[in-house]
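Everything on this sheet refers to the single structure shown next.
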Amino acid sequence: MNIYRTRYLVKVVAVGFVAVGFSVIGCGGGSDEQRAAELLQSQRRRERAIDAAPKTDRQRIEKAERFFGKRNFAGARDELRPLLMSDQVPSEALLLYAKCEAEAGDPVAACELLRSIPPSDLTAFVDAALLAADLYLDLGQYAEAEASLEQVIELNATMDAPRINAVYHRLTALLNNQGRRIDAAKYLRRLARSGDITEKELFAMNTYGEAFIDVSMPKPSFHGALPPAALAEAKRLRREGELEQARVLIEQLSQRFPQSTPIAAFRCRIYADLKLDTMLDAYLQSLPPGIQREPEYWYALGTRMQSLNRHPEAVRCFVEAVRLDETDRFSFLALARSLQTLGKATEAECASRRFSLLHEAAIITSKIGGEPGTVAELSRLSEILDALNRPWEAIAWRQVSLKTHGGSDEWSRRVSEQRNALENSEQAASDPTADQDHFASCGIAPEDWPLPPASAIAADDSRDRSGDAIDESRVTEIKLNNVAAEVGLFFQYDSGDDPADNTQLLHQLTGGGIGVIDFDLDGSPDIYFTQGGGDAFDAGGSEPNQLFRNLPTGAWVSVATDAGTADLGYGQGVAVADINQDGFPDMILANIGPNVVYQNNGDGTFRRQPMAAPDARGDWTSSIACGDLSGDHLPEIVEINYIDDPTALTIGCTPEKDACNPSVFRPAIDRAWQIRPDGQILRWDGFVAMDEKPNYGFAAVIANFDDRNGNDLFIANDTEFNHFWLSHRDSQSAPVTLRESAQITGCAFGLLGQRQGCMGIAAGDFDRNGLLDLHITNFWNQAADLYSQEIPGVFTNVNAKRGMYEDTRMTVGWGTQAIDFDRNGWLDLPVLNGNVTDHRHRGRAYQMQPQFFRGDADGFELKNPADRYWSTPALGRTMAVLDFNRDLKPDLVTNHLDAPAALLENQTATENALQLELIGTSSERDAIGAKVTLTIGDQSWVGWMVGGDGLLCSNEPMIDFGIGPHESIEQIVIDWPSGRSQRFSDVEANHRYLVIEGESGLYRR
């Protein structure tokens, strides 16, 4: 036998033998085997002798521990079994026997033994509780696991800090994994106070309203009956945007566990998210006792009160929510909105400030969740938490910074002093939580505000104005057919990308602009296309822009060279506006580089004028919007700028390395320019702190959204919160200023409060409540937003309620418009789609089909027209509206990265319509901000003359109405930006009219 194998065998059988220095000499005649057998026999004799001698309890336990260490669970149990038969079983023996049962595959028996360990033996009792919790979790018995740990909590006063904290750690993870984040919060706060808190637990304290799963613990099994812990899965689905799946799961859970308040509260939250008002109203009548301790219940109830314009009750609800969960930034924001509506400016500012701080903290923790935070980030997070009156967390993050990055002895000493001072101050306070509640609610006493009476929650909602019922027999097929080739409209955008190298630059992905302009005033709209093809910032290096004249013969002719508009800058958007008020429309071009004004000479030609000095590098301007913002009855020009970072133009994007996320580059500052009466173009400073709010702007709309003070400006921003610049006047004679108000007015972010990759805009009254709404297209896995004005100046995202959520989530949307194509009285929404980078290897589409959402009283339904254009995937980008053939049916012109421009003629068999062209006299000539109301019986339609709209485009300047079966309009009311109002009665439908401010007649066009 091999000598090394023999030595190993000797060592194995001679367990417990002192073999130091032992060696076998020689290798023949079987001496090694004989020596091994003798040693084995000797060992067995000794063991029999020891077993025959009387043993103490300690000896049996120690021997059982040795067996257990060798995974000889049967031997360990044999050794312990006599002890279990005694009157007073040592707790240590019970604990070890239970471990043996568990390891042997009988966790139920193990738990029975663990439960028999008395609390008087504190050490064993705590160890037993922790082990039992783990075993119950393996069995999927979350309630039993929680009960096991809570037994220990009751002994807190007699336990040392490390042991009680061990239970807190386990209990917080257990509760978090069940979706019971508020229940976990109280233990997280205790851990933060003790200083024994992990970085992962600090992350869990950032936002209690969101799912937080500890992957080190078993995930609830859904193979059998749903456990209550499936609430965590429902919250995860919501976080991932799977709202319908979350709704189905939470409804199943609440039916199975009707007395669970966390489950009931989350069901309320989902109904509030989806704006399922009727379902929420019904469910609010049958909630389980104790629901008032759930902040999500109060948030849902508060949003319902807001939607009913019952703001005093909404204030009470949101105050209750933030008292229970001081991390709920969206309750703070909603609270600020109601307070502002009620004229409580100071309190509203406090709540808004809380939201801003919480949002900043969420951004930081999201960033450092993927990689270690920098000293600056951790320091700022601590400052925010101090400002939010959460000092224990602030200190804990400072300790994380010390551990991660180190620090001076002085800094470490100061952190320790902060902890000691805080401990002393809390010990001195009679009720440390009282000040926190007062602080979190911005000093608002809940009892000063009324609770919603349960009987009135389901009151009639006057906002649901469905207008004419849609007669299904009158529903016709939408026909939007591409006739570009037939009429000779040939244009292909050139981004400058070389398809052979599989690499694109960010600026090659946005597409070119479209401007609809009747430059020769012949009554037929012409089309201007911006072009790329060269290097960014090279004012003369791209392909020439194209101007197509719409001739009466039906043919389109390229006239850019003759008109002097063949600009060679790298083109983006184009705005059409009469900036010098001479009656001839001008063009303002957005370039990557110097922007350019083309002033219409009135003779079919244009004069080129750079907006900046000729040697200026310029910005990356995506869109231009024009309209009177200052109140001087002359248009302002607003540059919507995208990125201010030269590296964005040099880093290539490939399918394997996607560097085309704008958020990694420095954002740009938008700029406004004022047209002076003498024609000069000068910077305008009417925006309050615009230079402090850089962003990734894509598209804009100018209109008087709230019917106060003058025009406002909405900007769709990519990867960041949108901007909504709301006009203000301190007095009637004071100048107009615009203040950024998107967050408090409700149009800043997605349905769940997330930042979106916003691109295109369509503005219109989608629900026919007389207020201007917004449809925003977004990036992949981000549903389009549908911001509905509930009351003037306050928006609610109703994309799920009105059928836009699921069908838009897995698209990358670009150009969109709001037009009633079939003239049934309800706006439709066509959308162009197309990805930015080819990720087909990841299961994402690259080219994408356009979508057509047909509108009616209930919302929108995806129903594409039959023309081949609507079933052909493409990299769609820009879309503009015009009535190119003057048949009172709106048409579309669309642009793509990989296909020629399309002219989509509306060939639908439509109902009745009205089109209006407006010319301002006291107002600026384009009348941006004018509001037109049509009244027919008890029905009404409202339209606006807007600046901007769409994406990188300008539509034909008209207000277009579909009015269903009505052949005449009883009354037309035009509210001009100047404040003047005009009325016209008994107007025949199915015509286009020209309206001049101050003149009594309508002029048929």
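Not measured: the values here are computed from a predicted model.
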Just checking, Arg854 and Phe860: is the charged tip under 6.0 Å from the six-membered ring centre and within 45° of the axis?
no
Under a 4.0 Å N-O cut-off, is there an ion pair linking Lys479 with Asp867?
no
Is the shortest distance from a Lys or Arg side-chain nitrogen in Glu210 or Arg181 to a carboxylate oxygen in the other one below 4.0 Å?
no
Are Asp898 and Arg877 within salt-bridge range, i.e. N to O under 4.0 Å?
no
Can you list the steps and then say if His359 with Phe749 is a ring pair (Phe, Tyr, Trp, His ring centres under 6.0 Å)?
CA-CA 12 Å; His359 170 62; Phe749 33 68; 8.0 Å; no
Mark yes or no for whether Gln789, through its side chain, and Asn769, through its backbone, hold a donor-acceptor pair below 3.5 Å.
no
Pair Tyr846 + His841: ring centers closer than 6.0 Å
no
Centroid-to-centroid, Tyr696 to Phe665, below 6.0 Å?
no
Evaluate whether atom CZ of Arg842 has more than 12 neighbouring non-hydrogen atoms of other residues, nucleotides or ligands under 6.0 angstrom away.
yes
Between Glu251 and Arg247, does any side-chain N to carboxylate O distance fall below 4.0 Å?
yes
Between Ser331 (side chain) and Asp328 (backbone), is there a donor-acceptor pair under 3.5 Å?
no
Between Tyr642 and Phe698, is the ring centroid distance below 6.0 Å?
yes
Presence of salt bridge, Asp277 and Lys801, under 4.0 angstrom:
yes
Answer yes or no: is there a side-chain heavy-atom contact under 4.5 Å between Gln572 and Thr510?
yes
Is it the case that the side chain of Asn661 and the backbone of Val664 share a donor-acceptor pair, with hydrogens and angles ignored and the cut-off at 3.5 Å?
no
With no hydrogens and no angle check, is any side-chain donor or acceptor of Gln754 less than 3.5 Å from a backbone partner on Leu752?
yes
One thing to verify: whether Glu790 and Arg337 come together as a salt bridge, which I'm taking to mean a side-chain N less than 4.0 angstrom from a carboxylate O.
no
